[in-house]
Amino acid sequence: MSEPAQQTQRPYRPEISRLWWLRRRSYVFFVLRELSSIFVAWSVVFLLLLVRALAQGEAQFRAFLDWAAGPWVVALDVLTLAFLVLHAVTWFNLTPAATVVKLRGRRVPPRAIAGGAYAAWVAVTALVVVLVVTR
Amino acid sequence: MADTITLEVARYRPDRETEPTVEAFEVPLRRDWAVLDGLNHVKDNLDGSLSYRWSCRMGICGSCGMTVNGEPRLTCATFLVDYAPGPVRVEPLANFPVIRDLVVDIGDFMRKLPEVSPWIVRGEGTSVEEGEYLQTPEQLADYSQFSMCINCMLCYSACPVYGLDPEFVGPAAIALAQRYNLDSRDEGADVRMDLLIHPEGIWGCTFVGECTRACPKGVDPAGAIQRYKLTAALQSLKSFVLPRGPR
Ligand code: SF4
Ligand code: FES
């Protein structure tokens with residue numbers, strides 16, 4: 001028997017274009033959500049700066065407020081808020097996928113779990129608003 | 001309804017071409033024909049050299065996965081009429097090296113699968129005399145969804161993380177690990193956790209969610225991975241708080 005002919009094994013590996021994430025809406029959202037972590041980090045830094053200014057006394061705090069009212073900082077903070085909301089919403093939508101809650105042997109429907117997370121969010125936000133308004 | 005439809009089929013013949021080309025074939029458009037029937041028509045009547053995989057024709061064997069009009073699909077469960085008037089573009093599964101025409105190299109997945117011990121792991125095991133491992137219908141329900149996987153790899157094809165980083169263990173393998181973790185008869189969760197608690201394991205997943213949308217069997221691999229992450233996080237927390245405690 002003759003040797004089998006040498007097989008031409010040259011698998012083709014397509015290159016991934018840099019813009020692969022524009023192909024699909026869910027990919028775009030995924031990239032935006034990854035990006036949102038930078039803004040989450042910025043919001044933490046901003047908060048820490050605020051607390052530090054507060055600890056340094058009234059004059060420092062006023063200076064901080066003036067700086068924070070500058071157009072660039074406001075613009076950055078508006079963008080940050082938008083990304084924070086995206087981050088929070090996608091996070092809450094994820095909760096039912098990660099948590100399986102059983103009540104009397106039945107699985108709690110995913111919508112109820114996400115709904116609970118949103119309800120808690122609204123409640124905490126309301127509490128903060130009340131604290132700020134009625135202080 | 002027109003009586004034919006055009007299939008635009010990706011061809012790659014490594015002995016002749018350095019990259020894939022597209023060849024169009026006119027095939028009968030019949031109400032009961034799946035994309036796979038169209039490909040079989042091409043192979044039987046128009047060009048016998050067309051290469052692709054298939055076996056069961058009923059969504060069970062998981063071998064006929066291809067990219068149909070940009071989406072990962074089982075070609076035996078994807079009907080031509082749904083794409084009328086056409087054309088229908090048929091390409092190999094994305095994220096895998098192409099061997100020939102519509103045949104991809106699945107070696108990477110076949111290597112990863114056994115790494116997660118997708119079988120029931122028992123510490124001691126019991127003797128035959130002691131009888132079977134019993135399970136209630138509720139215990140079965142805990143994992144039965146994840147046991148529906150047919151290893152079709154559509155989820156790998158849909159996953160951008162796997163596309164960018166082939167070291168990622170990937171959706172189906174992790175979902176299968178969960179299938180056994182959640183099985184009341186299994187004792188291998190710790191072994192699997194050690195294997196999957198690294199950046200190429202569960203933490204490689206960034207929850208794009210496309211795997212769950214692509215899955216033809218409703219396995220929800222994305223959900224399985226998120227649950228796994230929660231378990232892993234709680235476990236690390238526990239070992240941090242109680243360093244000497246049992247796992
Ligand atoms: S999880 Fe679904 S898409 Fe992935 S291999 Fe299994 S059956 Fe196919
Ligand atoms: S041929 Fe078996 S799943 Fe399609």
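These numbers come from a predicted model, not from an experiment. Residue numbers start from 1 in every chain, and the chains themselves are labelled A, B, ... in the order their sequence lines are given, proteins ahead of strands.
- Environment of CZ in B:F79: crowded, with over 12 heavy atoms of neighbouring residues, nucleotides or ligands closer than 6.0 Å.
- Both the backbone and the side chain of B:L164 come within contact range of chain A, each with at least one heavy atom under 4.5 Å from a heavy atom of that chain.
- Heavy-atom neighbours of A:R52 CZ from other residues, nucleotides or ligands within 6.0 Å: at or below the threshold of 12.
- Considering only heavy-atom pairs separated by less than 4.5 Å from chain A, the leading option among B:R227, B:Q226, B:R100, B:K229 is B:R227.
- For the pair A:R33 (side chain) and B:T206 (backbone), a donor-acceptor distance under 3.5 Å is present.
- Counting heavy atoms from C-beta outward, B:P160 and A:W21 have side chains that stay 4.5 Å or more apart.
- Counting only distance, with no hydrogens or angles, the side chain of A:R13 and the backbone of B:N95 share no donor-acceptor pair below 3.5 Å.
- Both the backbone and the side chain of B:T18 come within less than 4.5 Å of a heavy atom in chain A.
- Only the side chain of B:Y12 has a heavy atom closer than 4.5 Å to any heavy atom of chain A.
- In this structure the side chain of B:P14 never reaches within 4.5 angstrom of the side chain of A:Y12, judged on heavy atoms.
- Summarising the local packing, CH2 of A:W91 is surrounded by 12 or fewer heavy atoms from other residues, nucleotides or ligands at distances under 6.0 Å.
- Ion pairing of A:R24 with B:E71 is present here, as a side-chain N (NZ or NE/NH1/NH2) and a carboxylate O approach within less than 4.0 Å.
- Contacts between B:R13 and chain A at a heavy-atom distance below 4.5 Å are absent for every atom of the residue.
- Within the 4.5 angstrom heavy-atom criterion, only side-chain atoms of A:F30, from C-beta onward, approach chain B.
- B:E210 touches chain A through its side chain: at least one heavy atom from C-beta onward sits under 4.5 Å away, while N, CA, C and O do not.
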